[in-house]
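Please read the structure below before turning to the comments.
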Amino acid sequence: MLKFQRFVRAANIDDALEVLRFRKGAQVMGGGMWMRLSKRTVPCVIDLSDCGLDAIEETADEFRIGAYVTLRQLECDAALNAATGNVLTAAVHDIVGVQFRQLATVGGSVFGRFGFSDVLCALLALDAEVELAEAGRVPLATFVDMPYELDILTHVIIKKHDYRAAYRCVRKAATDFPTINTCAAYWDNDWHLAVGARPAKARLLTGAELGVTSAEPTAGELAGAIEAVRGLAYSSNIWGSERYRRHLAGVLAARAIVAAAPYATQEARDAASAACAHEEAIR
Ligand SMILES: Cc1cc2nc3c(=O)[nH]c(=O)nc-3n(C[C@H](O)[C@H](O)[C@H](O)COP(=O)(O)OP(=O)(O)OC[C@H]3O[C@@H](n4cnc5c(N)ncnc54)[C@H](O)[C@@H]3O)c2cc1C
């Protein structure tokens, strides 16, 4: 069972940061849904409920998502999802169940940087940053690979663009952890493709590295993207073998790109279909 020796309900982020720095072993709690799985005693847990981090705010240039916004809020926010090709709804709607998503937070999901994370995969393909109390604003793609330091994630920021985006994921069973997840987004004249649950942390491929430059990719570009995605590192666990993941990642990447490019040619669509030719054999 998870136990807390001390519980601090911080009045503001400065107070929370001070407790985090000076109380040995102190830890911020989001929804506590992941933390509660461990059997240990946390010397001091910090609750940020009074810090005003539970809203999604829209400005002219960006969406500011507070760390205590729940996955359910993320799923249901009409303006945010309309602006980002509905990838956030698509990414979270199979995570456990509604009651769970009403408790799990965006802050805990992003700060945790879980390899399987659907949330992280979707956000990574967008123009997203995290705001940390100590380190300030950091691009999400940089944050993913940063070491776990004593800091508090206060917001996730999504900059506004004319996004075309799509999310594709495979689960062995509905609401299970994902076997592989991908998110493709076209913005700022470039494709951004995130591949997660490899099962290592999501990786982002863009531009020449991905091999797709046209807004409406050709069959050749799509074949290049499939090859680039399959060139990433994959490994095996109970949700899928390394070989199956590698194959599936190419299939889902192609499908996500074609779904995000509304005027994709028939040749490109055929190339996406051809990518899954051996899916049954590999499963
Ligand atoms: C059974 C189960 C199934 C799941 N399935 C999926 C799935 O299929 N797909 C998916 O994407 N996710 C899945 N998740 C993960 C889930 O969606 C959340 O990402 C996870 O529960 C963390 O969110 P939380 O709010 O509960 O964080 P917590 O458990 O409270 O915290 C997680 C970690 O982040 C730290 N932390 C929390 N908030 C902050 C903050 N603001 N600043 C700094 N540090 C912070 C905590 O100290 C802790 O180390 C699953 C989780 C569980 C328990």
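In each ligand, atom 1 is the first atom listed, and ligand 1 is the first ligand listed. All of these numbers come straight from a predicted model, not from anything done at the bench.
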Give the residue and atom name of whichever protein heavy atom lies nearest to [atom], and the separation in Å to one decimal.
{"atom": "atom 31 (O) of ligand 1", "answer": "M35 CG, 3.7 Å"}
{"atom": "atom 41 (N) of ligand 1", "answer": "L153 O, 2.9 Å"}
{"atom": "atom 26 (O) of ligand 1", "answer": "M33 N, 2.8 Å"}
{"atom": "atom 24 (P) of ligand 1", "answer": "G31 N, 3.6 Å"}
{"atom": "atom 48 (C) of ligand 1", "answer": "Q27 NE2, 3.7 Å"}
{"atom": "atom 12 (N) of ligand 1", "answer": "F116 CE1, 3.4 Å"}
{"atom": "atom 6 (C) of ligand 1", "answer": "I95 CG2, 3.6 Å"}
{"atom": "atom 27 (O) of ligand 1", "answer": "G108 CA, 3.4 Å"}

Which atom pair, heavy atoms only, marks the closest approach of [X] to [Y]?
{"X": "E58", "Y": "A79", "result": "OE1-CB, 3.8 Å"}
{"X": "E216", "Y": "A261", "result": "OE1-CB, 3.3 Å"}
{"X": "L153", "Y": "L132", "result": "CA-CD2, 3.8 Å"}
{"X": "P217", "Y": "I257", "result": "CG-CG2, 3.5 Å"}
{"X": "V106", "Y": "T70", "result": "CG2-O, 4.3 Å"}

Select the closest option to [atom] among [options], judged by heavy-atom distance.
{"atom": "atom 30 (O) of ligand 1", "options": "C121, G115, G30", "result": "G30"}
{"atom": "atom 35 (C) of ligand 1", "options": "L71, V28, V119", "result": "V28"}
{"atom": "atom 28 (P) of ligand 1", "options": "A26, P178, G32", "result": "G32"}
{"atom": "atom 1 (C) of ligand 1", "options": "L132, V96, I46", "result": "V96"}

How far does NE2 of H155 sit from CD1 of I56, to the nearest 0.5 angstrom?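 CD1 of I56 is found 11.0 Å from NE2 of H155.
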First locate atom CG of L204, then atom CG of L193, and finally report the distance between them rounded to the nearest 0.5 Å.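 Rounded to the nearest 0.5 Å, the CG-CG separation comes to 7.5 Å.
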Below 4.0 angstrom, N of the basic side chain to O of the carboxylate: do R72 and E75 qualify?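 Judged by the 4.0 Å cut-off on N to carboxylate O distance, R72 and E75 do form a salt bridge.
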NZ/NE/NH1/NH2 to OD/OE distance under 4.0 Å, R171 and D118: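 Salt bridge: yes.
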Please report the C-alpha distance between C51 and Y68 in whole Å, then the side-chain angles of each, then the deciding distance to 0.1 Å, and finally whether the side chain to side chain contact (heavy atoms under 4.5 Å, CB included) criterion is met. CA-CA 9 Å; C51 298; Y68 265 32; over 6 Å; no
Can you find an N or O of [X] that's nearer than 3.5 Å to an N or O of ligand 1?
{"X": "R171", "value": "yes"}
{"X": "I152", "value": "no"}
{"X": "D94", "value": "no"}
{"X": "F111", "value": "no"}

Would you say [X] contacts ligand 1, with heavy atoms under 4.0 Å as the rule?
{"X": "Y68", "value": "no"}
{"X": "D176", "value": "yes"}
{"X": "R101", "value": "no"}
{"X": "F100", "value": "yes"}

Do [X] side-chain atoms and [Y] backbone N/O form a donor-acceptor pair below 3.5 Å?
{"X": "E221", "Y": "T213", "value": "yes"}
{"X": "N81", "Y": "D77", "value": "yes"}
{"X": "R230", "Y": "A249", "value": "no"}

Just say parallel, tilted or perpendicular for the rings of [X] and [Y], cut-offs at 30° and 60°.
{"X": "Y186", "Y": "W191", "answer": "tilted"}
{"X": "F111", "Y": "F143", "answer": "tilted"}
{"X": "F114", "Y": "F116", "answer": "parallel"}

Short list, please: which atoms of ligand 1 are under 4.0 Å from a heavy atom of [X]?
{"X": "A104", "answer": "25 (O)"}
{"X": "D118", "answer": "7 (C), 8 (O), 9 (N), 10 (C), 11 (O)"}
{"X": "S117", "answer": "11 (O)"}
{"X": "A67", "answer": "41 (N)"}
{"X": "D151", "answer": "43 (C)"}
{"X": "L37", "answer": "53 (C)"}

Where does S109 meet ligand 1, judged by heavy-atom distances below 4.0 Å: at the side chain, the backbone, both, or neither?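 Contact part for S109 vs ligand 1: both backbone and side chain.
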Heavy-atom contacts under 4.0 Å between W34 and ligand 1: side chain, backbone, both, or neither?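 For W34, backbone and side-chain atoms both sit under 4.0 Å from ligand 1.
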